[in-house]
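To keep things clear, I will list the structure first and then write my remarks on it.
Everything numeric in this text was worked out from a predicted model, so none of it was measured.
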Amino acid sequence: MYNTNVKSYLESKGFGDRLTEHEETIDTVEHAAMRIGCSEPEIAKTLSFIVDDKPVIVVMAGDGRVNSSKFKAQFHTKPHMIPRDKVEEITGFQPGGVCPFAVPEYIPIWLDVSMKRFRYVHPAGGNEYTSVKLTPEELEIVSGATGWCDICKGWDIDA
C-alpha cells in the first residue's frame, strides 16, 4: 500500500522508518488524527495551489486555514487551489494523499509557521493510508522546502 516513490525518497533521506501504513483512510485531518493518535492541529496538511500559472505546495498545521491577504503578501496573488480533478496530474498524488515528498522537482514546497509549535507533525505519505512522523525541522530538511511562510489564520499559538 506504500507509495513506492515516497518510500524510496524517504529511505534515500534516512527517514524511511518514519513512514507508517494505516488500515483505514487518513484522507481528512479528522481521520488522520484519530488513526495516528495525535491532535488535529498536529496533522500537517499539504495543499496545492497555482501561482503565476505554476504549482506551489504549502504544508500547514491541521487547524490552519489560508488567510487570503497573507497568501497574497507571500505569493503576490490570491490563493487558487489546483482543481481536484487536476491534483494527481500535476502533483503525482491523489487528493487526500498529497505530500511534500517525491513531488516533481519544479514544484516549490513551502512550510507554514503554524507547524513550528509542535514537537512532531504528521504529513501524508503519498496516499490516503500512509503518514510520516517528523519534527518541523526534519520536515524542512527531508522535503527540501523552499522556506517557511506565514499564510494561515485560525490556528492557536498555544495549542
Side-chain angles (χ1 to χ4, degrees), residues 3 6 9 15 18 22 25-128 130-159:
N3 177 303
V6 171
Y9 178 88
F15 291 91
R18 303 291 186 87
H22 305 276
T25 184
I26 60 166
D27 61 337
T28 66
V29 169
E30 180 183 12
H31 289 154
M34 286 183 346
R35 308 288 181 256
I36 293 167
C38 67
S39 69
E40 290 183 19
E42 292 171 285
I43 299 303
K45 59 185 177 183
T46 305
L47 303 179
S48 46
F49 299 92
I50 295 293
V51 174
D52 297 328
D53 297 321
K54 296 180 184 127
V56 170
I57 286 178
V58 178
V59 186
M60 64 184 68
D63 60 346
R65 295 185 322 272
V66 176
N67 177 301
S68 292
S69 60
K70 286 182 170 187
F71 188 96
K72 189 170 184 178
Q74 176 74 40
F75 296 108
H76 312 291
T77 188
K78 292 180 182 178
H80 296 285
M81 293 194 69
I82 294 174
R84 187 172 178 83
D85 64 342
K86 299 284 186 191
V87 169
E88 186 172 11
E89 175 186 330
I90 293 171
T91 69
F93 301 103
Q94 293 180 351
V98 178
C99 69
F101 316 112
V103 298
E105 288 186 18
Y106 63 87
I107 301 178
I109 298 166
W110 287 88
L111 306 178
D112 189 82
V113 297
S114 59
M115 295 184 296
K116 285 191 171 189
R117 64 197 148 126
F118 300 113
R119 182 166 181 198
Y120 291 101
V121 292
H122 305 269
N127 63 42
E128 64 185 56
T130 55
S131 64
V132 184
K133 180 180 180 179
L134 298 165
T135 67
E137 296 78 18
E138 290 169 338
L139 177 58
E140 180 179 15
I141 293 165
V142 74
S143 69
T146 299
W148 290 89
C149 62
D150 181 4
I151 65 160
C152 284
K153 64 181 176 182
W155 60 278
D156 182 0
I157 191 123
D158 297 319

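Side-chain contact between Leu111 and Cys149: absent, with no pair of heavy atoms (C-beta onward) separated by less than 4.5 Å. In this structure the side chain of Ile57 reaches within 4.5 angstrom of the side chain of Val103, judged on heavy atoms. Val66 has its side chain within reach of Met60: a pair of non-hydrogen atoms, C-beta onward, lies under 4.5 Å apart. For the pair Phe101 and Val142, the minimum side-chain heavy-atom distance is below 4.5 Å. Contact of the Val59 side chain with the Leu139 side chain is registered, since non-hydrogen atoms from C-beta on lie closer than 4.5 Å.
The salt bridge (charged side-chain N to carboxylate O under 4.0 Å, His left out) test applied to Asp150 returns Lys70, not counting sequence neighbours. Taking the ring-ring contact (aromatic ring centres under 6.0 Å, His included) definition, one finds that Phe71 meets it with Phe49, Phe75, sequence neighbours left out. The ring-ring contact (aromatic ring centres under 6.0 Å, His included) test applied to Tyr9 returns no partner, not counting sequence neighbours. By the side-chain hydrogen bond (donor to acceptor under 3.5 Å, both in side chains) test, His31 is found to be paired with Asp27, Thr28, residues two or more places apart in sequence or in another chain being considered. Qualifying side-chain hydrogen bond (donor to acceptor under 3.5 Å, both in side chains) partners for Ser143, counting only residues two or more places apart in sequence or in other chains: none. Applying the side-chain hydrogen bond (donor to acceptor under 3.5 Å, both in side chains) test to Glu140 and every residue at least two apart in sequence or in another chain returns Trp148. Scored by the salt bridge (charged side-chain N to carboxylate O under 4.0 Å, His left out) test, Glu128 finds no partners at all (sequence neighbours excluded).
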Without placing hydrogens or testing angles, list every side-chain donor-acceptor pair under 3.5 Å for residues 77-100, not counting sequence neighbours.
residue	atom	partner	partner atom	Å
Thr91	OG1	Val87	O	2.8
Thr91	OG1	Phe93	N	3.1
Thr91	OG1	Phe93	O	3.3

Under 3.5 Å, sequence neighbours excluded: what are the donor-acceptor pairs made by side chains of residues 37-47?
residue	atom	partner	partner atom	Å
Ser39	OG	Glu42	OE1	2.8
Glu42	OE1	Ser39	N	2.9
Lys45	NZ	Gly64	O	2.7

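Between the CD1 atom in Ile141 and the CG atom in Leu134 there is a gap of 10.0 Å [rounded to 0.5 Å]. Going from atom CG of Asp52 over to atom NE2 of His76 covers 8.5 Å, rounded to the nearest 0.5 Å.
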Is there a side-chain contact (heavy atoms from CB on, under 4.5 Å) between Val56 and Ile50? Walk through the geometry before answering.
CA-CA 6 Å; Val56 170; Ile50 295 293; over 6 Å; no
Step-by-step salt bridge (charged side-chain N to carboxylate O under 4.0 Å, His left out) determination, Arg18 to Glu138:
CA-CA 11 Å; Arg18 303 291 186 87; Glu138 290 169 338; 2.7 Å; yes
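Counting all heavy atoms, side chain and backbone alike, Gln74 lies closest to Ile151 at CB-CG2, 4.0 Å. Contact between Ala61 and Phe118 at its shortest, heavy atoms only, is CB-CE1, 4.2 Å.
For residues 96-113, no pair satisfies salt bridge (charged side-chain N to carboxylate O under 4.0 Å, His left out), with sequence neighbours left out.
Ser131 and His22 share a side-chain donor-acceptor pair at under 3.5 Å.
Judged purely by atom type and a 3.5 angstrom limit, Asn67 uses its side chain to pair as donor or acceptor with the backbone of Ser69.
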